[in-house]
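To start, the structure under review is shown below, and the notes come after it.
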Amino acid sequence: MISAEHLLNNAIKTALNAVYNLQIEEISLQKTRKEFEGDFTLVTFAYTRDTRKKPEEIGEALGAYLLANTPEIVKYNVVKGFLNISLSDAFWMLFFNSVRSSAQFGLKPSDSSGKTIMLEYSSPNTNKPLHLGHIRNNLLGASVAAILQANGHKVIKANLVNDRGIHICKSMLAWQRFGNGETPQSSGLKGDHLVGKYYVAFDKAYKEEQAQLIASGMSKEDAEKSAPVMLACQELLRQWEAGNPEVVQLWRTMNGWVYDGFGVTYKELGVSFDKMYYESNTYLLGKELVQEGLAKSVFYKKENGSVAIDLSAEGLDEKIVLRSDGTSVYITQDLGTAIERFKEFPELNQLIYTVGNEQDYHFKVLFSILQKLGYSWASECYHLSYGMVELPDGKMKSREGTVVDADDLIKEMYETAFLKCRDSEKLKHLNEAEIKELSKMVGMAALKYFILKVDPKKKMLFDPNESVDFDGNTGPFIQYSYARTRSVLDKAGMALDRNVSITLHPTEKELLTTLYSFPSVIEESGHLYNPAIIANHLYDVSKLFNRFWHDCPILKEENEDVKLFRLQLVNLCGTVIANGMRLLGIEVPSRM
RNA sequence: GGUCCCAUAGCUCAACUGGAUAGAGCAACGGUUUUCUAAACCGUAGGUCGCAGGUUCGAGUCCUGCUGGGACUACCA
């Protein structure tokens, strides 16, 4: 069937032509605000210049023409420069009947018209456990991947693990010195937490040595450079790079602990990856590229032998891409891995990096260099930049211990949800295992929705002293709405596959028109890489559904057609909520 | 010093990308259950959209300046 927007677009174009002899390409329509009567609104201010008429006059003239010539339009009203147009219930019923039994409503199957997109997210360091900032990264990446798939694209979810470097050696060194052979098994600690403990231990020892050196008259800078543990740590990194078997073995063992730990957290968060990359394999990439760049005169050699690029024309600075000793810097390997990925997947159309906005500058530089090197796909690289999660007293800092640990937070969410489920009268008939399963679903929904409902670009605040809500604009509220849909449909126990056409109650109409826009909401959220748009829409749907529940009796309704329609409407609400929540990575329960 | 981001109700967030009287939730106060799930619904109260200009039919949204906060600006990763 033809969409409402398309129908109105054509009708309004024709009307403008007929009444004012105007040819307009783009008509901008918006949903009518709920204080006014109507479904869609045309802003007529835009045409005052061309027609030399007053906005009210244009509204009246267009409205009258549309009413006379478009059967689907049954009413209009003009308020100042706004022409509010109402479509017939018959039109809405036609739309409703065309989608009401589609379980895939709003989701596009992946087909040849879709792109192939690699989306990188998570990308943890293997020296400490995950915290709330990583949770935002993981939830955002997983959700955007699902949303892009729902828009018909093929998505390769990639995780580039930062598994080598000086920071990893810090944990290793501290474990060698203070560990006494401690393992996850012997300590009962989750692997990533055990390794994190030694990362902190290193920092403590390092700080103590610095303090001693400063006390003996050394400058702060020199103390940082010459503290024995730091020197030992750098030696450990050299040994690793030289392939010293003992060091490599320790590195393997400790990273293994961390992967086991991360695996547990990833599972709780419900995130997964199609492709794992490890920096230990990729950190040397990009060196040949430097030669290529020199040959193309994109890079230049400085007097001291280092290689750089001048980006001052783009408002960026000079950037070193190779040190004077011939070793690469971080951006060198980023350049290398990007190129490697397009080689590995020739069908790749787009490469998305889910990384915090503190690296905005880095990605500007990276993409700019790729562009200058002449890679045509450089313009298809995108930095999915998100804001930091802040605590009431500022940013989280691992070293200062001001972090909200991911595992602790998840556990806390489960516990809060468990108490709520256990105390609920409605859930008395469930056994312990069922309550636990439901608590996990609800607790995780509260956490995920809390994170994803905020525009990714914006920084967000988390107060550890205030628990995440379960009432109001929350994940559990939307889950509850879904459980209500299941409950009434189960009780009704009747077949829904008959088309009816009824006169709509205002609440039914509002709910129906909101459900109508679900597919375009998914498109928009995909276009903007923004799950919050879906989250907010699901909240609107749920809120309206609950008002409908209150205003419109379903099983008690005596008119069979109306009753059937209401059940079908409930069913479509359930579909929209379930499909939308899946895109946020949130499961929906059939009872709660 | 330079570049970029942010500032909306007591708190956490919206505002369909320039449209109508800036909306929700939490917290506060009041009401709704012999009727499909009260994790719900309805109501009251709460605003100089950081400040000052500008652009135009129209600005929370765009441009300039200012104030306040943050990030980045390594031959670190």
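Atom set for the values below is all heavy atoms of this structure, side chains included, hydrogens, waters and symmetry mates excluded. Proteins come first, then strands; the chains are lettered A, B, ... in the order of their sequence lines, and each starts at number 1.
Listed candidates were B/C41, B/U56, B/A39. Nearest to the side chain of A/Pro476 is B/A39. You'll find that the side chain of A/Asn473 is closest to B/G25, out of B/G25, B/U37, B/G19. The side chain of A/Ala483 has B/U37 as its nearest neighbour among B/U17, B/U37, B/C36. Of the candidate nucleotides B/G19, B/C42, B/A77, B/C42 has the atom nearest to the side chain of A/Arg547. Side-chain proximity of A/Val43 to B/A77, B/C36, B/G19: nearest is B/G19. Side chain of A/Tyr361, nearest nucleotide from B/C72, B/U37, B/C57: B/C72. Listed nucleotides: B/C57, B/A39, B/C41. Nearest to the side chain of A/Asn546: B/C41. In the set B/A39, B/C72, B/A14, B/C72 carries the atom at the smallest distance from any side-chain atom of A/Glu358. For A/Asn162, taking side-chain heavy atoms from C-beta onward, the closest of the listed nucleotides B/C41, B/A77, B/A39 is B/A77. If you check B/C4, B/A77, B/C36 against the side chain of A/Lys491, the one that comes closest is B/C36.
Between A/Phe418 and A/Tyr414, the distance separating the two ring centers is not shorter than 6.0 angstrom. Taking the six-membered ring wherever Trp is involved, the centroid distance between the rings of A/Trp240 and A/Tyr283 falls below 6.0 Å. Aromatic rings of A/Tyr353 and A/Tyr382 (six-membered ring for Trp) have centroids beyond the 6.0 Å cut-off, not under it. For A/Phe36 and A/Phe82, the ring centers sit 6.0 Å or farther from each other. Aromatic ring centres of A/His505 and A/Phe548: separated by at least 6.0 Å.
Judged by closest nucleotide on RNA chain B, A/Leu316 is the one of A/Phe450 and A/Leu316 placed further toward the 5' end. Both A/Lys302 and A/Lys31 sit near RNA chain B, but only A/Lys31 has its closest nucleotide nearer the 5' end.
A gap of 28 Å separates the P atoms of B/G10 and B/C5, to the nearest Å. A distance of about 28 Å separates the P atoms of B/C26 and B/U21, rounded to the whole Å. With P as the reference atom, B/A71 and B/U17 are 33 Å apart, rounded to whole Å. As rounded to the nearest Å, B/C51 and B/G68 have C1' atoms that lie 11 Å from one another. Of the C1' atoms belonging to B/U55 and B/U12, the separation is 34 Å, rounded to the nearest Å. For B/G25 and B/A40, the P atoms lie 10 Å apart once the distance is rounded to whole Å. Across the C1' atoms, B/U33 and B/C49 are found 40 Å apart, a figure rounded to whole Å. On the C1' atoms, B/U48 is 13 Å away from B/A22, given to the nearest whole Å.
Residue A/Asn84 places a side-chain atom within donor-acceptor reach of the base of B/A20, judged by atom type and a 3.5 Å distance cut-off alone. Side-chain N/O atoms of A/Thr41 and base N/O atoms of B/A20 include a donor-acceptor pair closer than 3.5 Å.
Without hydrogens or angle criteria, A/Gln479 side chain to A/Met441 main chain gives a donor-acceptor distance under 3.5 Å. A donor-acceptor pair is defined here as one N or O able to donate and one able to accept, closer than 3.5 Å; no such pair exists between the side chain of A/Asn357 and the backbone of A/Asp360.
Taking 4.0 angstrom as the limit, A/Arg486 places none of its side-chain polar atoms (N or O) nearer than this to OP1 or OP2 of B/C36. Side-chain nitrogen and oxygen atoms of A/Tyr480 include at least one within less than 4.0 Å of the OP1 or OP2 phosphate oxygen of B/A39. Residue A/Lys80 places at least one side-chain N or O closer than 4.0 Å to OP1 or OP2 of B/U21. The phosphate of B/C41 has OP1 or OP2 within less than 4.0 Å of a side-chain N or O from A/Lys543. Close to B/A14, at under 4.0 Å from its OP1 or OP2, lies a side-chain N or O of A/Lys458. Between A/Lys457 and B/C6, a side-chain N or O to OP1/OP2 separation shorter than 4.0 Å is absent. Put simply, A/Arg591 has no side-chain N or O that comes within less than 4.0 Å of OP1 or OP2 on B/A39. A close approach under 4.0 Å does not occur between any side-chain nitrogen or oxygen of A/Arg33 and OP1 or OP2 of B/U21.
Using cut-offs of 30° and 60° on the angle between ring planes, the pair A/Tyr516 and A/Phe40 is perpendicular.
Here B/A71 presents its C1' atom at 9 Å from CE of A/Met388, a figure rounded to the nearest Å. Rounded to an integer number of Å, the gap from A/Glu558 CD to B/U35 C1' is 13 Å.
Under the 90° criterion around 0 for the glycosidic angle, B/U17 counts as syn.
Contacts of A/Leu461 with the nucleic acid, taken as non-hydrogen atoms under 4.0 Å apart, involve only primed sugar atoms and P, OP1 or OP2. Counting any heavy atom pair closer than 4.0 Å across all strands shown, A/Pro553 reaches a base atom.
Pair assignment for B/C51: B/G65, on the basis of Watson-Crick or G-U wobble contacts that are both within less than 3.5 Å. For B/A20, there is no paired nucleotide, since no Watson-Crick or G-U wobble pair has both relevant distances below 3.5 Å. Base pairing of B/C29: its partner is B/G43, meeting the Watson-Crick or G-U wobble criterion (both donor-acceptor distances under 3.5 Å). Across all strands shown, nothing is found opposite B/U34 as a Watson-Crick or G-U wobble partner with both distances under 3.5 Å. Nucleotide B/A59 is matched to nothing when pairs are restricted to Watson-Crick or G-U wobble geometry with both distances under 3.5 angstrom. Across every strand in view, B/G1 sits in a pair with B/U73 that passes the Watson-Crick or G-U test at under 3.5 angstrom.
Judged by centroid separation below 5.5 Å and plane tilt below 30°, A/Phe82 does not stack onto the base of B/G19. Stacking between A/Phe36 and B/A20 is shown: the ring centroid lies under 5.5 Å from the centre of the six-membered base ring, and the planes differ by under 30°.
The closest side-chain heavy-atom distance from A/Tyr482 to A/Met581 is not below 4.5 Å.
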